Amino acid sequence: MTDESGGPALGPTLTEWLSARQETGRHLAAGGTPPLDAEWVQKLADLLATERSWQEQYTDLVALGSSGGRFPSSNR
């Protein structure tokens with residue numbers, strides 16, 4: 001997806017990333033103590049992979065406007 005100037009659009013990526021974070025939070029909050037069965041573990045793995053993917057895409061898009069086209073490294 002692109003913005004009006006033809007560059008990448010951050011809005012849809014941010015929306016999907018935040019949605020994945022909210023879904024992860026809802027899933028974890030739903031049961032108090034998570035059931036440790038294979039289905040629950042797979043669902044959590046899928047949610048975390050989705051969040052990681054969106055976070056990486058968002059970081060890459062933000063980096064396009066940064067000096068040198070790279071996102072700065074963390075100080076942590």
Side-chain angles (χ1 to χ4, degrees):
M1 187 157 250
T2 60
D3 68 9
E4 296 158 4
S5 67
L10 294 177
T13 300
L14 178 58
T15 299
E16 291 296 328
W17 177 37
L18 293 174
S19 175
R21 288 182 60 96
Q22 290 168 352
E23 185 178 351
T24 301
R26 282 191 306 272
H27 184 73
L28 293 173
T33 302
L36 296 178
D37 61 21
E39 182 179 342
W40 184 87
V41 171
Q42 184 62 59
K43 175 68 173 171
L44 182 57
D46 292 346
L47 289 169
L48 293 174
T50 298
E51 181 173 341
R52 185 178 309 117
S53 173
W54 283 112
Q55 186 176 20
E56 288 171 0
Q57 289 179 49
Y58 180 71
T59 301
D60 289 345
L61 287 172
V62 169
L64 291 175
S66 299
S67 175
R70 296 180 55 156
F71 200 74
S73 61
S74 173
N75 288 329
R76 292 175 140 198

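Worth saying up front: this structure is predicted, and the values here are computed from it rather than measured. Because only heavy atoms are used, hydrogens play no part in the values below, and waters and symmetry mates are left out as well, while side chains stay in. When a residue number appears, it is its place in the shown sequence, counting from 1.
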Original post:
Gln55: what forms a side chain to side chain contact (heavy atoms under 4.5 Å, CB included) with it, not counting sequence neighbours?
Top reply: Trp17, Thr59
Original post:
So which pairs with a foot in residues 38-47 pass salt bridge (Lys or Arg N to Asp or Glu O under 4.0 Å), sequence neighbours left out?
Top reply: Glu23-Lys43
Subject >> Verify same cluster id: Leu48, Val41 (apolar side-chain graph, 4.5 Å) >> reply: yes
